[in-house]
Amino acid sequence: MKRITILTAAAALIMGTASAQDFGSQQQRPERKQFTPEQIAERRVENLSKTLELTDEQKKEVYNIYLSNAAEQQKEMEAMRKIMQEQREKQKAREKALDEQMQKLLDASQYKKWLKQQQAQQSRGRFPAQGGFQRPMGEGFGGPGQGGGFDNGMGF
């Protein structure tokens with residue numbers, strides 16, 4: 001009886017872990033609804049009107065303030081998206097150039113090993129192309145006992 005209970009608990013634990021992993025890999029961040037500057041201004045005026053009891057004249061002025069602010073913010077966001085897209089394209093071009101240079105330099109078996117190493121680095125998230133922050137290594141970096149850093153007395 002005890003053996004059956006343990007086996008059932010273990011099976012439930014394994015199934016729960018497996019289903020949690022599947023769910024996490026399929027889950028994607030939903031696309032956020034993009035509001036127009038007018039919609040943003042209207043929503044903010046509506047909220048402020050409730051809490052501050054604005055007059056009609058104040059509502060118009062607040063709307064104009066929020067409208068100009070939202071329009072400016074939207075322009076900045078579009079400019080930022082454009083810059084980010086250009087950066088991605090530059091990075092892809094650098095990666096392609098690196099790949100071509102390595103392919104010319106290395107023989108077939110070396111190039112194949114190099115590709116495997118590159119793919120392994122990408123899967124670990126340590127490749128700069130993934131957009132993550134890469135900590136510098138060497139003297140002066142790392143925590144206590146890792147060849148440098150500082151000790152703030154708090155263990156980190």
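Listed by chain and number, the residues in a side chain to side chain donor-acceptor pair (under 3.5 Å) with R43 amount to none (sequence neighbours excluded). Every residue meeting the side-chain contact (heavy atoms from CB on, under 4.5 Å) condition with D107, not counting sequence neighbours, appears here in chain and number order: S109, Q110. Shown here are the side chain to side chain donor-acceptor pair (under 3.5 Å) partners of E89, two or more places apart in sequence or in another chain: Q85. Not a single side chain to side chain donor-acceptor pair (under 3.5 Å) links N69 to another residue, sequence neighbours left out. Annotation: side-chain contact (heavy atoms from CB on, under 4.5 Å) contacts of Q119 (sequence neighbours excluded): none. Evaluation of the side-chain contact (heavy atoms from CB on, under 4.5 Å) rule for Q74 yields P37, E78 as partners, not counting sequence neighbours.
In this structure, L52 is a member of the same hydrophobic cluster as L67, with clusters built from ILVMFWY side-chain heavy atoms closer than 4.5 Å. Residues I40 and L54 fall into different hydrophobic clusters, defined by Ile, Leu, Val, Met, Phe, Trp and Tyr side chains chained together at heavy-atom separations under 4.5 Å. Residues L106 and L98 share a single hydrophobic cluster, defined by chaining ILVMFWY side chains whose heavy atoms lie under 4.5 Å apart.
Inter-residue side-chain proximity for Q58 and T55 is flagged as met; some heavy-atom pair is nearer than 4.5 Å. Here the side chains of W114 and D99 are in contact, with some heavy-atom distance below 4.5 Å. Considering only heavy atoms from C-beta on, L105 stays 4.5 Å or farther from Y111 through its side chain. Under the 4.5 Å side-chain criterion, counting only non-hydrogen atoms from C-beta, E72 is in contact with E76.
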Evaluate the criterion side chain to side chain contact (heavy atoms under 4.5 Å, CB included) for residue pair Y63 and R44; output intermediate values, then yes/no. CA-CA 8 Å; Y63 175 82; R44 290 192 176 163; over 6 Å; no
Report the C-alpha separation of E46 and E42 in whole Å, then their side-chain angles, then the decisive distance to 0.1 Å, and conclude whether the side chain to side chain contact (heavy atoms under 4.5 Å, CB included) test is met. CA-CA 6 Å; E46 191 176 304; E42 287 172 8; 5.9 Å; no
Side chain to side chain donor-acceptor pair (under 3.5 Å) between R124 and Q121, worked out: CA-CA 5 Å; R124 286 193 305 259; Q121 285 178 334; 6.0 Å; no
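Heavy atoms from other residues, nucleotides or ligands lying under 6.0 Å from CE of M102 number more than 12.
With hydrogens and angles left out, the side-chain atoms of E95 and Q91 include a donor and acceptor closer than 3.5 Å.
Remark: Q87 CD to M80 CE distance equals 11.0 Å, nearest 0.5 Å. How far CG of L115 is from NZ of K112: 10.0 Å, rounded to the nearest 0.5 Å.
Remark: side-chain polar atoms of Q39 are paired, donor with acceptor, to backbone N or O of T36 under 3.5 angstrom.
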